[in-house]
Amino acid sequence: MALTKADELPSDMTSPGSDPLEPERLATLNSYDIMDSEPEIVFDRLTHLAANIFKVPIASISLIDDKRQWFKSVVGLNLKHTARNISFCRYIVESREALIVGDAMEDERFRKNPFVLDDPHIRFYAGAPLVAENGLVIGTLWIGDTHARTDFNPSEAEQLKTMADIVMSELELRREISARRQAQRQAAEDRANLELTLALSNTASFVLDLVEGKLTWGGDYSEVWGEDAAENLITEEAAFERIHPTDRAAVREAMAAAGLPGQSYDATFRIVLPSGQTKWIHGYGDYVERNGSPFLTGLNVDITKSIAQQEQLKLHTRELHHRMRNLFATLQSIMSLTKKSATSIDDYIERIQGRLRALNRAQQILLDTNFVTGSLTALVQDLTQSYPRIFFDGPEITIPENAMVSISLVLNELATNASKYGALSSNKGRIRIQWTIETDGEAEQIILVWSEKGTSEPLDAAPSSGFGSSLIDHSVKGNLQGEIVRDWRAEGLECTIRFPVPELAN
C-alpha cells in the first residue's frame, strides 16, 4: 500500500473533524506521551492475543491525532501510520462508540476506501474505543479480515471492548509510571539544587529518626557542625554533646514542641566545635511521619556572624547614646557660660554660633567615618573653609570623638580671637597650624603649634581672660590631659599645645 507517510497524503485528507472537543481530545492524547514511541511488549502481546482470539489476520492498537492514525502495535500490516481521513477508526473517535463493519464492500462509507480496494483488502472491521478518564476517545483496538464476516456477535463485541479497556488500563499505568519517573527526576534535580543552595548559604539540613535516634545530614553540614560531622555526629546523643550545655534543655523543649499539633521546631543555640570554636545556630523544622515512624526534619543555619553584628550594633548604640549625652551636656554648658560672658544679645549670638559651628565641624567629620573616631587633618582643613589665610601641616592622625570635640573648640576659639584681635584682623596676617608626634620616654605626645604673623596692632600684653580662654584651658587641660603655653610676640600669638596621644589614635 502506498500510504505510508503523512507528508505523502493530500492536504484534504489530513484535516481533523469539526468536533468542538477536538482540542481537549488532542491534549488528552498528548498527556500520555505515547505518539511515535518505541514498540512495547505489553501492547504487542495484546494485539497478538486479539488476532488469536478472534482468528483474524489483522489487529492493531491505533492512536488518532489531528492528521494521523498511528499504530502503537500492529499485526498483519507493514505500516506505522496512515492518514486519519481514510481510517476506519476515525468514525469511532468522532462517535465515541464501537464500530463493526461486516462487509466493507457493502458499506457506503468504506466501499471506495483505499484499504478496501487496495492492499490489504479489508472486508471485515471491528473496533472498540480507547476511552480516557475524561470520556474522550484517543484511539481504538481494532481487528480486520480480508473476508467478510457477518457472524460477529454481541458477545464477541463485548469481549473486544473488554480488551480495549485492558489496553486503556495499560496506557494509564504507562502514563503513571512515566509521571513518577519524571517526578523522581525532578525531585532529584530539586534535591541537588537544594543541596547546592544550602552549601552556598552555609546551611545544613538534617533528618532525625526520633525512635532510633539516628541522624542524617545534608547541605553544608561539615561547615556548620564541623568537618567530623559525617563520621561522629550520626546520632542524636552525639549531636547534643556538641550543643553548649546551657542550651541543651531549650533545644530539647523545642524538639518536644514540634510534635504538638500546629507547632514546629524552632531553636537558637550554641555549639562548641572540637577546636574550641563556639558557633550560634538557628534550627527550624517540622515533625513528620514516615511509614508510621516519627522524624524531625529541618535546617540548621550558622548565624554566628549575625549574632556578632547584633552585639556590635548594641555596643555602637550604647556608645552613640553615651556620646550624644556628652555632646548635649557640652552644648548646654557652652550655651550657659556663653550667656554669662556675652556683653549683648548680638555678642551672644555671634559667640554661640561660632562654638556651635565648631561642635558641628567635629560631629560631621565623625559622622563621615564611623562616629567614633575622626581625622585631625580633616578637622583643621574644615576650619580653613570658615577662616581665610590659615595654613596647616602635619601627619595624618585618627583621634577619638572626645578629643575631636575638644580640639575643634580650641581651634575655633583661637580663630575667633585671631579674627578680632590677631592676624586675621589684618588683610596681611596669616596663621600656620603645625602638629607632630613626639616620644617622651615610652609615651607619645601630640604637639600642636598655632602661629600668627602680621597682627595689625601688636599687643603689649595678653587680652583679658574670658570664657573663651577658660574654654581653651578646660579643653586642653581637662579633656585632653595636656598643657598649653601662650606666647604673645610682637608679630602675633604663638600657642603651643601638648597632650598625650588619645586612646584609639594612630
Side-chain angles (χ1 to χ4, degrees), residues 312 315-316 318-327 329-331 333-334 337 355 358-384 390-418 422 431-453 462 465 467-489 492-506:
Q312 191 67 26
L315 178 63
H316 283 317
R318 289 196 297 268
E319 180 69 17
L320 178 60
H321 179 66
H322 171 71
R323 294 183 184 281
M324 290 302 294
R325 286 201 308 171
N326 288 346
L327 178 60
T330 301
L331 181 59
S333 176
I334 289 175
L337 294 175
R355 288 160 185 165
L359 288 175
N360 181 67
R361 185 178 297 121
Q363 297 304 320
Q364 186 60 53
I365 293 172
L366 291 166
L367 186 61
D368 289 342
T369 52
N370 55 19
F371 209 75
V372 177
T373 59
S375 166
L376 177 59
T377 302
L379 183 65
V380 176
Q381 187 174 25
D382 193 72
L383 179 71
T384 65
I390 296 181
F391 307 92
F392 62 91
D393 179 39
E396 181 61 53
I397 303 176
T398 300
I399 55 179
E401 180 263 351
N402 59 336
M404 286 285 290
V405 171
S406 298
I407 294 173
S408 182
L409 289 172
V410 168
L411 295 178
N412 177 75
E413 293 302 321
L414 290 172
T416 300
N417 290 336
I431 297 173
R432 176 169 293 277
I433 304 174
Q434 294 178 295
W435 65 90
T436 57
I437 298 179
E438 295 182 359
T439 302
D440 183 9
E442 294 182 358
E444 288 187 326
Q445 285 192 328
I446 295 177
I447 294 90
L448 187 149
V449 180
W450 173 284
S451 300
E452 298 184 25
K453 289 186 178 181
S465 177
F467 173 64
S469 298
S470 299
L471 179 60
I472 292 174
D473 291 341
H474 175 73
S475 297
V476 174
K477 298 177 181 179
N479 295 341
L480 298 176
Q481 303 298 309
E483 58 182 28
I484 181 171
V485 176
R486 298 178 179 87
D487 184 5
W488 297 94
R489 301 174 302 171
L493 171 66
E494 181 173 286
C495 182
T496 302
I497 301 172
R498 295 173 176 267
F499 57 95
V501 174
E503 187 178 355
L504 298 181
N506 58 67

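Predicted model, so just to flag it, every value in this text is computed and none were measured. In this chain, residues are counted from 1 in sequence order.
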Flag side-chain contact, heavy atom, 4.5 Å: [X] against [Y]:
| X | Y | value |
| --- | --- | --- |
| E483 | V476 | no |
| L414 | I472 | yes |
| L383 | S408 | no |
| K453 | R432 | no |
| T496 | D487 | no |
| F392 | I431 | no |

Interatomic distance, [X] atom [atom1] to [Y] atom [atom2] [nearest 0.5 angstrom]:
| X | Y | atom1 | atom2 | result |
| --- | --- | --- | --- | --- |
| I433 | T377 | CD1 | OG1 | 11.0 Å |
| W488 | C495 | CH2 | SG | 8.5 Å |
| I407 | I399 | CD1 | CD1 | 3.5 Å |
| Q434 | D393 | CD | CG | 5.5 Å |

* Of all residues at least two apart in sequence or in a different chain, which pass the salt bridge (Lys or Arg N to Asp or Glu O under 4.0 Å) check with E494? -> R489

* For side chain to side chain contact (heavy atoms under 4.5 Å, CB included), just list the numbers for R498 and I446, CA-CA rounded to whole Å, side-chain angles, deciding distance to a tenth of an Å, and then say yes or no. => CA-CA 6 Å; R498 295 173 176 267; I446 295 177; over 6 Å; no

Under 3.5 Å donor-acceptor, [X] side chain and [Y] backbone:
| X | Y | answer |
| --- | --- | --- |
| T416 | N412 | yes |
| D382 | A378 | no |
| W435 | V449 | no |
| S406 | A403 | no |

Least distance between heavy atoms, [X] atom then [Y] atom:
| X | Y | answer |
| --- | --- | --- |
| T384 | I390 | CG2-O, 3.5 Å |
| F499 | L480 | CB-O, 3.5 Å |
| R486 | D473 | NH2-OD1, 3.0 Å |
| I447 | Q445 | CD1-O, 3.8 Å |

* Side chains of E396 and S375, donor plus acceptor under 3.5 Å -> yes

